[in-house]
Amino acid sequence: MKSGRKSSSVDKAFELINAVSESGRAGITLGELANRAGVAVSTAHRYVTSLLELGVLDRDAAGAFHLGVTLITLAGQYLEEDNLRAAARPYLLELVELSGETVHLGIPVGDHIVYVDKVESAKSIRLVSRIGSRAPMHCTAMGKAVLALLEERRSAEILARSHDRHTPRTLVGDTLLAELATVRAQGFAIDDEENEEGVRCVGLPIMNTSGQPVGALSVSAPANRFSVEDCRRLAPTALAMAADIGRRIGYTAPRNGEFVPH
């Protein structure tokens, strides 16, 4: 019988893993890990010892912790078996050729979007992003495209949490709610320098067989060469691609439109 209770040990282990993943190439020390997770150094040491033995974490010569090869293996297997990624890949390639800008594929995880695929722009000035990184749902184009179409209970849970302003343009509160209503009406979202200053994106939701957003596409570029008008001009073509991906994974659109607002 399932108790419905989460394991605090599992939660803490993943909190440590996430802290390591966010530390970048420099890694993170045991003391920093303990401080980040709010536990004693001895407790953090006990967790990381097990994670090292499992290959989930690795430690360099200076004693800093990094993600281990086990996670790389699991991630690679996930990406190989991911039907959404396989269905979307040809469209990512087509969209980067059409737009000349970087294209991402993301999936919702909690109140974040996780990048699961990316095709780089051929232009010399590119965006810094990587597969596996996370971005807040409330201030990104892919995130808002998904958030606007989630079932009401799920979207309310996400919107009830406090949302940081990543830039002066980040939308929160009633302004964000009004923005999501616009996204539902038009079918796409624009991140107008809301997550990162100097970066503008357009995001399109991808629907699953239940008519729920299972992922999203985005086209991202430096704001000085990708205007809001550019986003709007590209949106209909990109929206049709997102709908095609949905159909490839089994989504059947209702007769009165591609998406079902909630």
Side-chain angles (χ1 to χ4, degrees), residues 3-82 84-85 102 104-120 126-140 142-143 146 157-158 161-167 170 191 194-199 201 215-216 218 220:
S3 66
R5 295 169 57 189
K6 295 193 296 184
S7 166
S8 60
S9 294
V10 172
D11 289 347
K12 191 60 64 178
F14 270 92
E15 190 174 349
L16 292 169
I17 293 168
N18 283 331
V20 174
S21 73
E22 293 169 355
S23 65
R25 294 184 179 181
I28 188 170
T29 67
L30 181 62
E32 290 169 336
L33 263 179
N35 183 62
R36 184 80 63 86
V39 299
V41 172
S42 59
T43 301
H45 182 268
R46 186 172 71 251
Y47 278 103
V48 299
T49 297
S50 296
L51 294 171
L52 286 168
E53 290 174 353
L54 293 168
V56 174
L57 296 183
D58 193 12
R59 182 166 48 196
D60 64 25
F65 295 96
H66 304 264
L67 296 181
V69 69
T70 295
L71 289 178
I72 297 172
T73 301
L74 293 173
Q77 183 176 347
Y78 168 80
L79 293 175
E80 284 293 324
E81 297 176 357
D82 181 23
L84 173 61
R85 187 171 181 268
T102 298
H104 293 96
L105 173 69
I107 59 172
V109 178
D111 54 3
H112 285 75
I113 286 289
V114 176
Y115 298 116
V116 295
D117 205 354
K118 173 185 179 180
V119 180
E120 288 272 15
R126 302 177 185 177
L127 303 178
V128 178
S129 60
R130 59 183 175 83
I131 295 174
S133 62
R134 301 187 306 166
M137 196 176 289
H138 73 286
C139 60
T140 55
M142 285 195 292
V146 167
E157 288 175 354
I158 295 172
R161 301 189 183 104
S162 60
H163 299 302
D164 296 334
R165 291 184 182 271
H166 287 235
T167 78
T170 303
D191 164 9
E194 296 159 43
N195 185 50
E196 185 177 351
E197 289 188 85
V199 176
C201 316
S218 73
S220 308

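Heads up: numbering here begins at 1 and tracks the sequence.
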Under 3.5 Å, is there a donor-acceptor pair between the side chain of [X] and the main chain of [Y]?
X      : Y      : result
Arg85  : Asp117 : no
Thr170 : Glu194 : yes
Asn35  : Gly31  : no

To the nearest 0.5 angstrom, please state how far the [atom1] atom of [X] sits from the [atom2] atom of [Y].
X      : Y      : atom1 : atom2 : result
Ile113 : Leu105 : CD1   : CG    : 9.5 Å
Glu196 : Ser220 : CD    : OG    : 9.5 Å
His66  : Asp60  : NE2   : CG    : 3.5 Å
Met142 : Asp191 : CE    : CG    : 10.0 Å
Thr29  : Arg36  : OG1   : CZ    : 10.0 Å

Would Val109 and Arg134 count as a side chain to side chain contact (heavy atoms under 4.5 Å, CB included) here? Give the steps.
CA-CA 9 Å; Val109 178; Arg134 301 187 306 166; 5.9 Å; no

Do Arg59 and Val48 touch side chain to side chain, with heavy atoms closer than 4.5 Å?
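Contact flag for Arg59/Val48 side chains = no.
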
Heavy-atom side-chain contact between His138 and Asp111 under 4.5 Å
no

Checking side-chain contact (heavy atoms from CB on, under 4.5 Å) against Leu54, which of Leu57, Leu52, Val56 comes through?
Val56

Nearest heavy-atom neighbours spanning [X] and [Y]:
X      : Y      : answer
Met137 : Pro108 : CE-CB, 3.7 Å
Ile28  : Val20  : CG2-CG2, 3.8 Å
Leu67  : Ser21  : CD1-CB, 3.9 Å
Leu33  : Ala19  : CD2-CB, 3.7 Å
Ala37  : Leu16  : CB-CD2, 3.7 Å
Gly215 : Val146 : O-CG2, 3.7 Å

Please test Thr167 against Asn195 for side chain to side chain contact (heavy atoms under 4.5 Å, CB included), starting from the C-alpha separation and ending with a verdict.
CA-CA 6 Å; Thr167 78; Asn195 185 50; 5.9 Å; no

Parallel, tilted or perpendicular, as decided by the 30° and 60° cut-offs, for the rings of His104 and Tyr115:
tilted

